[in-house]
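Okay, so here's the structure we're looking at.
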Amino acid sequence: MKRAKGLVLKMPASVIPMAAIPALAIPALLFAGTMRAADAPVVVTSIKPIHSLVAAIMQGVGEPELIVDGSASPHTYSLKPSNARALQDAKVIFWVGPGLEAFLEKPLQALGSDASIAALDDAPGLVKLPFREGGAFEAHDDDAPEHDSASPEHDSASAHHEAEAAHGAEADHDHGRDDHDHGAFDTHLWLDPMNAKAMASEITTTLVAADPANALTYQANAKALDDRLTALDKEIAATVAPVKDKPFIVFHDAYQYFEHRYGIRVAGSITVSPETIPGAERVSEIHRKVGELGATCVFAEPQFEPRLIDVVVEGTSAKSGVLDPEAATLKASPDLYFTLMRGIAHSMRDCLSGA
């Protein structure tokens, strides 16, 4: 084929023929393209809500691994071989602490010795609430720590638990007490956005110390996350405000921080410890309490036996709903925490608003 006379073919400056690149330079260029991912530390997280906070702070650097994935619960989880390998390879490990993920306590000692391990239940600035005994809760301790309220009526939240304690089956009571030997506080800490802020701050500090090369990215992401949590807190307060005085019953006592933050009225729980399914006597007692306490809704959780809720509400005017405090039905992502918290608020509002 003849080339037109005088025609000069020009190649864009951005395109460099491979032949023009010295052979020794090619591996270096390929390495440069992957260097950012290679530099990201291996970070492992225990549960989805914690994974979400860590993933939000690590955006642009890397993605943390998750142990309790899918619909599994930390209350009943058994470590898998793939989890053990992840712990062994980790540079940083985030968990709530032994009071929630008891299954991790020994593996962390055996496999995570080379990692920086952050128990987020030790994060500065957390509000920690004491465990409550029994299914219908005793009144709050007047000395319990408080955040600044998300609503003016928040200080009256402790008045919402006038019901007498219903201790239920003795086996359930003992089991719950044994599970709480690790500490004197409820470990569902993330269900208050102000606690999520405190944990995010600790996550940032830990990541910056382990990976100072990416400190600016972590800190910028943390600031953006903190602003989103502030907005989420106001949004949830507005969502539940119309129904916060209506009593309801939950499957297990996981919502104390949400309740404390927003002044809502949880009348009691079906079981203290989700690891143990309550017996017939306990279920019968709760069925009676639904009527006595005037509970308008009874909430199940996706990981645990839904038929118990049907038995509890049968023959009463109470409706049933679903709450998902551990994000069992959600896909792990940086936005999961926000979806989780909005889901709880909306489920409460939707069930209670028609009651």
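- Here the straight-line distance linking atom CH2 of W95 with atom CZ of F103 works out to 9.0 Å at 0.5 Å rounding.
- Annotation for A210 and V92: closest pair CB-CG2, 3.5 Å, computed over non-hydrogen atoms.
- Here SG of C297 is found 8.5 Å from NZ of K246. Values are rounded to the nearest 0.5 Å.
- Note that OG1 of T45 is 10.0 Å distant from CG of L120, once rounded to the nearest 0.5 Å.
- Using modelled atom types, no side-chain atom of S284 and backbone atom of A280 make a donor-acceptor pair closer than 3.5 Å.
- Side-chain atoms of D253 never come within 3.5 Å of backbone atoms of G268 as a donor-acceptor pair (strictly under, hydrogens ignored).
- Look at K197 and D233 and you find no salt bridge, because none of the NZ, NE, NH1 or NH2 atoms lies under 4.0 Å from a carboxylate O.
- Listed by chain and residue number, nothing satisfies the side-chain hydrogen bond (donor to acceptor under 3.5 Å, both in side chains) test with S320 (two or more places apart in sequence, or in another chain).
- The same ILVMFWY cluster, assembled from side-chain heavy atoms under 4.5 Å apart, contains both V68 and L340.
- Of the possible donor and acceptor atoms, none in the side chain of D192 sits under 3.5 Å from a partner among the backbone N and O of R261.
- When the ring-ring contact (aromatic ring centres under 6.0 Å, His included) test is applied to Y337, no partner is found at least two apart in sequence or on another chain.
- Residues S116 and T206 are in side-chain contact: their nearest non-hydrogen atoms beyond the backbone lie under 4.5 Å apart.
- A cation-pi geometry, defined here as NZ or CZ lying under 6.0 Å from the six-membered ring centre and within 45° of its normal, holds between R228 and F338.
- T339 OG1 to L330 CG: the interatomic distance, rounded to the nearest 0.5 Å, is 6.0 Å.
- Relative orientation of the H75 and H188 rings is tilted, given thresholds of 30° and 60° on the angle between their planes.
- One N or O on the side chain of E101 and one on the backbone of V96 form a donor-acceptor pair closer than 3.5 Å.
- A donor-acceptor contact shorter than 3.5 Å is absent between the side chain of Y262 and the backbone of Y257.
- A salt bridge between R85 and D89 is absent, with no side-chain N of the basic residue lying under 4.0 Å from a carboxylate O of the acidic one.
- Taking hydrophobic clusters as Ile, Leu, Val, Met, Phe, Trp and Tyr residues chained together by side-chain heavy-atom distances below 4.5 Å, V127 shares a cluster with F185.
- Panel note: side chain D324, backbone T329; a donor-acceptor pair is recorded below 3.5 Å.
- With hydrogens and angles ignored, the 3.5 Å screen pairs a side-chain donor or acceptor of H51 with a backbone N or O of P64.
- Cluster membership check: L191 shares its hydrophobic cluster with L100, using side-chain heavy-atom separations under 4.5 Å among Ile, Leu, Val, Met, Phe, Trp and Tyr.
- Taking CG from D245 and OG1 from T296, the interatomic distance works out to 11.0 Å, rounded to the nearest 0.5 Å.
- Formation of a donor-acceptor pair under 3.5 Å by the T76 side chain with backbone atoms of A72 is not found in this model.
- Each of V61, V208, I57 was evaluated against T217; a single residue qualifies, V61, per the side chain to side chain contact (heavy atoms under 4.5 Å, CB included) test.
- Minimum heavy-atom separation, Y77 to N83: OH-OD1, 2.7 Å.
- If you take CD1 on I344 and CD1 on I236, they are separated by 8.0 Å, rounding to the nearest 0.5 Å.
- A salt bridge between E326 and K48 is absent, with no side-chain N of the basic residue lying under 4.0 Å from a carboxylate O of the acidic one.
- A centroid separation of less than 6.0 Å is found between the aromatic rings of F299 and F248.
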